[in-house]
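In listed order, ligands and their atoms are each counted from 1. Since we're looking at a predicted model, the values are computed, not measured. Residues take their numbers from the sequence shown, with the count starting at 1.
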Amino acid sequence: MAHRVTLIPGDGIGPEVTAAARRVAEATGVSFDWDVVEAGEAAIRATGTPLPDAVLDSVRRNRLALKGPITTPIGGGFRSVNVALRQQLDLYASVRPSRSIAGEGTRFPETDLIVVREATEGLYSGVEHWVDREHTAAETVNVVTRKASDRICKFAFELARRDHRKKVTGVHKANIMKTTGALFQTAYREMAAKYPDVPSDERLIDNMCMQLVKKPEEYDVIVTTNLFGDILSDLCAGLAGGLGVAPGALYGEGLAVFEPVHGSAPKYAGQDRADPVAEILCVELLLRHVGETEAANRVFRAVWETIAEKKVVTYDLALPGYTSRPVPASSCSAMAKEIARKIPLVDPDAPLPRPGPSTGAVSDPALEA
Ligand code: NAD
């Protein structure tokens, strides 16, 4: 039976990278039935609103989505569609694996980290206002609840146990943020005590940033609140080779939306230049989520071999500094075509370096009470 998947092309480079990902998904031989819906600028043009109900209805119906990045205007303009989508569908767990691929483009060729980020509250709660008419002061409310902290910490420990990860690190700023930070810290400590078989530790966010750029190999699964997780996942993407190769997943109860860490990169829109790998690795994560493990392994291996060969790679993977020898840059579509061509040729049973997490949402009636 075909997997029915909501496909949201998104803005900027979104339509190009989602077309590339779709091409690779279809090359696996797994059957997909795509339900294409528009959000962001295309939706504003068509319906006057950036997040039409049809998008939310489609994701709720199909329970599975592949999404391109969506532009958020800085300062004024509409509220972030990405944040609204996460809040309205209660996509509470943002899972962002950062894996160095073929040891290219990084001083840390063994990088293999997963940031698990609470995605519905924190400083992205959307509760903010100007304090005075002159706009000389402003406040943003940092909403941290025990329920959301418990479920994201549980998610991280379940993921670590299921995928035999070496450690979970809880990240917060409880020394300064004596309520919100301390609440998250307490939830994390109490959850860690329930998983004595999973090694755990904790770090303050500032120290975590320093530790990660100095010795990332000492960390594995990182669980934290919304803003810290957003920042750390870009940092980890940089350790693993850049935003062009960093996929992500959002999980709610019975729902999963796969989207890259990167944004809509407007300066490359329409140029067939963007790196398609992050969106293609979203397909790997989606395939793992629906149990199509062999196809997921093929996608990851085909990406790995394409990057290792360095014959058909986009500009970011061809830059001096990324690669040990300079190579001409290929287009987004050419790289996707090359990855798709390799899919049937790779050995899905060969040992797989750094496969993506086999994550799904954690159901726990006790947390819903
Ligand atoms: P960005 O990720 O779009 O770009 C950051 C840098 O990385 C730029 O130099 C860009 O050209 C480069 N880059 C990003 N993706 C790339 C790719 N696939 N291949 C090659 N280079 C790539 O971040 P930004 O410029 O801060 O944001 C642009 C827009 O995207 C903003 O409106 C922002 O709100 C939005 N955004 C959306 C999401 C999402 O939809 N989940 C995530 C982040 C940012």
Any heavy atom of A278 sitting closer than 4.0 Å to ligand 1? no
Is the closest heavy atom of R273 to ligand 1 under 4.0 Å? no
With no hydrogens and no angle check, do the side chains of T145 and E121 hold a donor and an acceptor under 3.5 Å apart? yes
Check whether any N or O atom of T71, backbone or side chain, sits under 3.5 Å from an N or O atom of ligand 1, and answer yes or no. no
With the threshold set at under 4.0 angstrom, would you say V17 reaches ligand 1 through any of its heavy atoms? no
Considering distance alone, does some N or O of I70 sit under 3.5 Å from an N or O of ligand 1? yes
Quick check: closest heavy atoms across V24 and A340, and the distance to 0.1 Å? CG2-N, 4.2 Å
Nearest heavy atom to atom 14 (C) of ligand 1 wins, so pick from E16, K267, H262. H262
Looking only at distance, does D316 have an N or O less than 3.5 Å from an N or O of ligand 1? no
Return yes or no for this condition: an N or O of G263 is under 3.5 Å from an N or O of ligand 1. yes
Results of salt bridge (Lys or Arg N to Asp or Glu O under 4.0 Å) for K167 - residues two or more places apart only: D201
More than 12 foreign heavy atoms under 6.0 Å from NZ of K166: is that the case here? yes
Identify every side-chain donor-acceptor pair in residues 229-247 under 3.5 Å, counting partners at least two apart or on other chains, and give the distances.
residue: D230; atom: OD2; partner: Y124; partner atom: OH; Å: 2.6
residue: S233; atom: OG; partner: R96; partner atom: NH1; Å: 2.9
residue: S233; atom: OG; partner: G229; partner atom: O; Å: 2.8
residue: S233; atom: OG; partner: D230; partner atom: O; Å: 3.1

Consider every N or O of Y268 and every N or O of ligand 1, then say whether any pair is closer than 3.5 Å. no
When you check the gap from the basic side-chain N to the acidic O, do D90 and R151 get nearer than 4.0 Å? yes
Heavy-atom check, side chain of D150 versus side chain of K147, under 4.5 Å: no
Does even one non-hydrogen atom of V261 get within less than 4.0 Å of ligand 1? yes
Which option out of V245, V257, L243 puts a heavy atom nearest to atom 7 (O) of ligand 1? L243
I'd like to check which ligand 1 atoms, numbered from 1 as shown, lie under 4.0 Å from a non-hydrogen atom of R86. 41 (N)
Salt bridge check: are E190 and K194 linked by an N-O gap of less than 4.0 Å? no
A274: numbered ligand 1 atoms lying under 4.0 Å from its heavy atoms: 19 (N)
Any side-chain donor near an acceptor of the partner, Y195 and E158, under 3.5 Å: yes
N82: numbered ligand 1 atoms lying under 4.0 Å from its heavy atoms: 37 (C), 38 (C), 39 (C), 40 (O), 41 (N)
Quick check on contacts: which atoms of ligand 1 are under 4.0 angstrom from a heavy atom of A265? 3 (O), 10 (C), 11 (O), 14 (C)
Answer with yes or no whether the side chains of S264 and T71 bring together a donor and an acceptor at under 3.5 Å. yes
Check whether the side chains of E118 and T120 place a donor and an acceptor atom closer than 3.5 Å, and report yes or no. yes
Heavy-atom distance to atom 17 (C) of ligand 1: which of L85, T314, D275 wins? D275
If we number the atoms of ligand 1 from 1 as shown, the ones under 4.0 Å from a heavy atom of E259 are 41 (N)
